[in-house]
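Reviewing the structure listed below.
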Amino acid sequence: MISVIFVCLGNICRSPMAEAVFRDLVRQKGLESKVQVDSAGIGEWHVGKPPHQGTCKVLSEHNITYDNIYARQVSREDLHKFDLIIVMDKKNLSTIHGMIGESNVPIYLLTDFISGSNKSEIQDPFHSGDFEEVFHLIKLGCHGLLDYILSKNNNRDD
Ligand code: 4NP
């Protein structure tokens with residue numbers, strides 16, 4: 001079993017979208033018992049809320065479900081419990097590095113898994129409203145992330 005947590009600022013736009021897209025991909029590959037997926041936000045403003053309507057709309061348009069996803073705030077415990085922490089932008093990265101301290105838990109930007117892309121982060125659509133562009137990047141990133149996980153774990157049975 002490998003566990004992944006997606007983290008953004010509010011946990012209502014990008015990270016719940018990534019959670020839903022990655023869950024869908026994991027389900028399509030029949031890997032639900034091998035890959036655990038979650039998401040959380042750095043801020044507490046939206047705790048308990050469902051994803052932003054822009055995220056819901058784009059997920060619905062792509063036939064991806066987002067049941068049972070509600071915003072929560074990331075905790076220090078999360079950061080030591082998950083095998084991989086995937087953040088959306090450079091500000092998230094520095095905040096999470098600051099929370100983790102000296103631990104060597106792997107933290108990546110989702111864009112690290114998009115080969116050949118000139119994008120170095122996924123900016124929040126909360127202000128831009130560009131949920132389709134964010135979906136496009138998240139989908140590419142999730143495919144690359146799953147390939148990475150499979151390539152690292154293809155000799156493991158647990
Ligand atoms: P997210 O987007 O980090 O992708 O969920 C945002 C959501 C809310 C806010 C900022 C970004 N906010 O300022 O409330």
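Only this structure's heavy atoms are used, side chains among them; waters, hydrogens and symmetry mates stay out. Start at 1 and go down the list; that is how both ligands and their atoms are numbered.
Arg27 is linked by a side chain to side chain donor-acceptor pair (under 3.5 Å) to Asp24, counting only residues two or more places apart in sequence or in another chain.
Within ligand 1, counting atoms from 1 as listed, the ones closer than 4.0 Å to a heavy atom of Ile12 are 5 (O), 7 (C). In the vicinity of Leu9, heavy-atom distances shorter than 4.0 Å reach the ligand 1 atoms 3 (O), 10 (C). Of all the atoms in ligand 1, the ones that sit under 4.0 Å from a non-hydrogen atom of His46 are 8 (C), 12 (N), 14 (O).
Atom CD of Glu44 is surrounded by 12 or fewer heavy atoms from other residues, nucleotides or ligands within 6.0 Å. Taking a 6.0 Å sphere around CD of Gln73, one finds it holds more than 12 heavy atoms contributed by other residues, nucleotides or ligands. Residue Glu77 qualifies as open at atom CD: its count of foreign heavy atoms under 6.0 Å is 12 or below.
Only the side chain of Asp124 comes within contact range of ligand 1, with a heavy atom under 4.0 Å; no backbone atom does.
Among all protein heavy atoms, the one lying closest to atom 4 (O) of ligand 1 is Arg14 NE, 2.7 Å.
Residue Ser3 is tested with Asp38, Asp83, Asp78 for a side-chain hydrogen bond (donor to acceptor under 3.5 Å, both in side chains); the sole match is Asp83.
Counting all heavy atoms, side chain and backbone alike, Glu132 lies closest to Val58 at OE1-CG2, 3.2 Å.
For a threshold of 3.5 Å applied to N or O pairs, the pair formed by Cys8 and ligand 1 contains no separation below that value. Checked against a 3.5 angstrom limit, the closest N/O atoms of Phe126 and ligand 1 fall outside it. Polar contact check, Ser15 against ligand 1: no nitrogen or oxygen pair lies under 3.5 Å apart. The shortest N or O to N or O distance between Pro125 and ligand 1 is not below 3.5 Å.
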Requested in this report: Test ring pair (Phe, Tyr, Trp, His ring centres under 6.0 Å) on His52 and Phe131 and set out the steps.
Outcome: CA-CA 10 Å; His52 188 284; Phe131 286 85; 4.9 Å; yes
